Protein chains: 2
Amino acid sequence: MSVAISMDQKKKSQASIQPLIDLVRPDMGRVNELILEKAGSDVQMIPEVANHLIDSGGKRLRPMLTLAAAQMCGYDSEGQGLDGHVKLAMAVEFMHTATLLHDDVVDESDMRRGKLAARMLWGNQASVLVGDFLLGQAFRVMVDVGSLQALDVLSTAACVIAEGEVLQLSVAQNMKTTRAEYMEVIRSKTAALFAAASEVGPILANRPNQEIVALRTYGLELGNAFQLIDDALDYGGSAADLGKNVGDDFREGKITLPVILANERGSEEDKAFWKRVMEDRKFDESDLAHAMKLLDETKALEETLQQARQAGADAIAALDVLPDSAHKSALIDAVEFCISRAH
Amino acid sequence: MSVAISMDQKKKSQASIQPLIDLVRPDMGRVNELILEKAGSDVQMIPEVANHLIDSGGKRLRPMLTLAAAQMCGYDSEGQGLDGHVKLAMAVEFMHTATLLHDDVVDESDMRRGKLAARMLWGNQASVLVGDFLLGQAFRVMVDVGSLQALDVLSTAACVIAEGEVLQLSVAQNMKTTRAEYMEVIRSKTAALFAAASEVGPILANRPNQEIVALRTYGLELGNAFQLIDDALDYGGSAADLGKNVGDDFREGKITLPVILANERGSEEDKAFWKRVMEDRKFDESDLAHAMKLLDETKALEETLQQARQAGADAIAALDVLPDSAHKSALIDAVEFCISRAH
């Protein structure tokens with residue numbers, strides 16, 4: 001069921017997230033400790049639900065961006081033991097975790113990261129409320145850091161994410177969704193948090209606006225690439241890569257770029273197919289195989305990956321204003337790693 | 001179906017929220033404008049869902065507390081047109097609205113403030129996500145005010161509220177719930193926001209800690225009184241007073257103080273009744289009438305109202321450290337008004 005798309009094999013083999021992981025390892029240890037501490041509560045159900053998701057092996061890419069951006073910009077360069085970047089990285093991860101808990105309720109998902117979704121074990125109620133708790137803890141920790149500029153960036157991201165999720169809901173099961181609307185959804189629901197996670201690094205380090213914009217743009221385009229790849233993989237990855245099932249977007253009637261492109265380029269018969277499955281929600285599992293055939297024939301998946309590569313190139317280009325460093329290389333590698341997930 | 005409890009008739013007839021409404025009227029107009037502005041979004045579903053609840057005639061008691069406390073403490077006393085209190089009052093109301101949207105999903109409620117709950121019109125999904133959006137907007141506006149101390153108070157309240165909601169979920173349908181656990185639930189889920197709403201007034205006005213503690217305590221005890229009355233009214237009010245149906249807590253298996261007391265004081269037969277309806281969830285509408293009879297016979301409702309009156313007295317006593325003023329009188333009247341709802 002896997003759709004292989006050609007890519008520069010040299011890049012693919014080099015692409016690794018390892019340099020990023022290595023650079024942030026000590027600080028990431030502090031983030032992980034803080035995550036455990038702040039997911040704690042005398043109300044036993046809170047750490048149970050939170051840790052179910054926290055322990056489920058997410059890559060923690062977003063907090064790594066915060067740590068790497070802060071380090072690259074010289075925050076705590078004299079080793080004074082400053083912890084603003086650790087706290088903001090934790091807050092970013094909690095914002096993400098809260099979104100996942102709420103998403104599972106909204107999408108009625110059964111699985112998350114290859115495990116039963118929290119809502120299947122503790123109910124929708126606990127997923128909603130523990131999500132609210134984690135969002136509250138994220139804000140408390142951000143406030144503790146004391147940077148009003150970072151608070152502004154992260155609270156704005158929280159709004160934009162929710163706005164993107166509502167927009168996604170509004171356009172769900174609607175084949176009139178345009179490419180522009182799709183790009184707005186992924187920019188808001190995914191890329192906004194990548195952007196904010198990266199941007200708060202130079203803010204903490206009091207760097208000039210040019211560097212803040214550079215890292216925000218890097219994060220934004222990386223986030224766009226990440227979501228484009230995710231949406232392509234939904235029709236061509238393996239369940240192990242995805243932590244969910246192939247075809248989940250299809251079954252939920254989520255209109256993603258591959259579907260928009262396949263519909264645009266399809267015959268009248270194809271358009272009737274997409275309308276039946278996506279809008280009228282009449283389909284069975286054999287229709288998923290037919291959808292994947294159409295996505296392949298119309299080169300819709302190929303163009304989705306091409307768009308992801310373009311976003312990745314834009315992310316890398318945004319870093320041009322920053323001097324070369326091990327951190328800059330690691331951030332570039334991280335882009336290539338995200339894109340190589342599709343192979 | 002109404003349970004009348006005796007109270008000092010003089011107090012009852014005087015008790016009015018009107019002085020508070022009159023004192024904050026001009027600022028409340030600014031709050032209402034800001035509410036409409038900040039509930040706006042290019043994503044059409046957001047203002048639709050938000051305004052359904054915002055326009056439904058809530059009393060806006062919490063933002064009134066913020067405005068009155070700030071005015072009483074001399075914030076903007078020279079009429080410079082400062083708007084920190086207006087912004088924080090709006091943020092407090094959005095935090096409350098977000099909680100209501102999420103509560104309706106958690107409780108599977110059909111009605112809210114005498115109208116269909118948003119989730120019945122737009123689905124659980126929209127209620128969760130628009131709640132998230134409003135919470136995000138609340139934080140953005142708080143950040144805009146720029147007081148880290150007020151941000152700390154309000155973000156802590158957000159966590160405590162969520163914690164209280166999860167605790168309520170944990171003890172639901174469990175007749176072993178103690179009075180102390182019940183008091184912890186209402187302190188967290190309701191009183192914490194009343195406390196924060198009141199406390200940020202003196203914080204904005206840079207008043208000494210003694211006044212901050214006084215107004216926090218006032219808000220906390222008023223919130224406790226408010227929730228105790230609400231829980232009593234669920235078994236003895238009219239649907240018009242409640243904006244929901246009499247017996248909703250009963251039908252949801254919510255263990256409130258009246259039920260805890262009636263169970264403690266009941267015969268073995270009574271205890272078996274409470275276990276059957278609250279834990280085993282086996283009941284019909286005739287059981288509600290029996291429940292109300294037991295609550296009356298054991299004086300469980302009467303003691304609940306007595307506890308509310310005590311909390312109200314504690315709220316009023318907390319204001320002793322503040323000089324007499326029209327604002328102080330209005331805040332005292334507001335306590336008596338809240339308690340007189342039960343008559």
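First the proteins, then the strands, lettered A, B, ... as listed; each starts at 1. Predicted model, so just to flag it, every value in this text is computed and none were measured.
The distance from atom SG of B:Cys159 to atom CZ of A:Arg140, rounded to the nearest 0.5 Å, is 5.0 Å. Between the NZ atom of A:Lys189 and the CG atom of B:Leu129 there is a distance of 11.0 Å, given to the nearest 0.5 Å.
Options A:Leu151, A:Thr156, A:Val128 differ in how many heavy-atom pairs under 4.5 Å they form with chain B, and the most are formed by A:Thr156. Listed options B:Gly136, B:Ser127, B:Ser155, B:Ala138 were ranked by heavy-atom pairs under 4.5 angstrom with chain A; first place goes to B:Ser155. Ranked by heavy-atom pairs shorter than 4.5 Å toward chain A, the options B:Glu165, B:Glu163, B:Met142 are led by B:Glu163.
The minimum heavy-atom distance linking B:Val143 with A:Leu148 is given by the pair CG1-O, 3.7 Å. Listed here is the closest heavy atom pair of B:Ala126 and A:Leu169: N-CD2, 3.7 Å. When all heavy atoms of B:Ser170 and A:Val43 are compared, the closest pair comes out as OG-CG1, 4.0 Å.
Proximity to chain A (any heavy atom under 4.5 Å) is shown, for B:Asp152, by both the backbone and the side chain. Of the two parts of A:Leu135, only the side chain, counted from C-beta on, holds a non-hydrogen atom closer than 4.5 Å to a non-hydrogen atom of chain B. Contact of A:Asp42 with chain B is made through the backbone alone, with heavy-atom distances under 4.5 Å.
Contact check for A:Asn124 versus B:Val105: no side-chain heavy atoms found under the 4.5 Å cut-off. Using a 4.5 Å heavy-atom cutoff, the side chains of A:Asp132 and B:Asp132 are in contact.
In this pair, A:His102 and B:His102 present their aromatic rings perpendicular. The plane angle is above 60°, beyond the 30 to 60° band.
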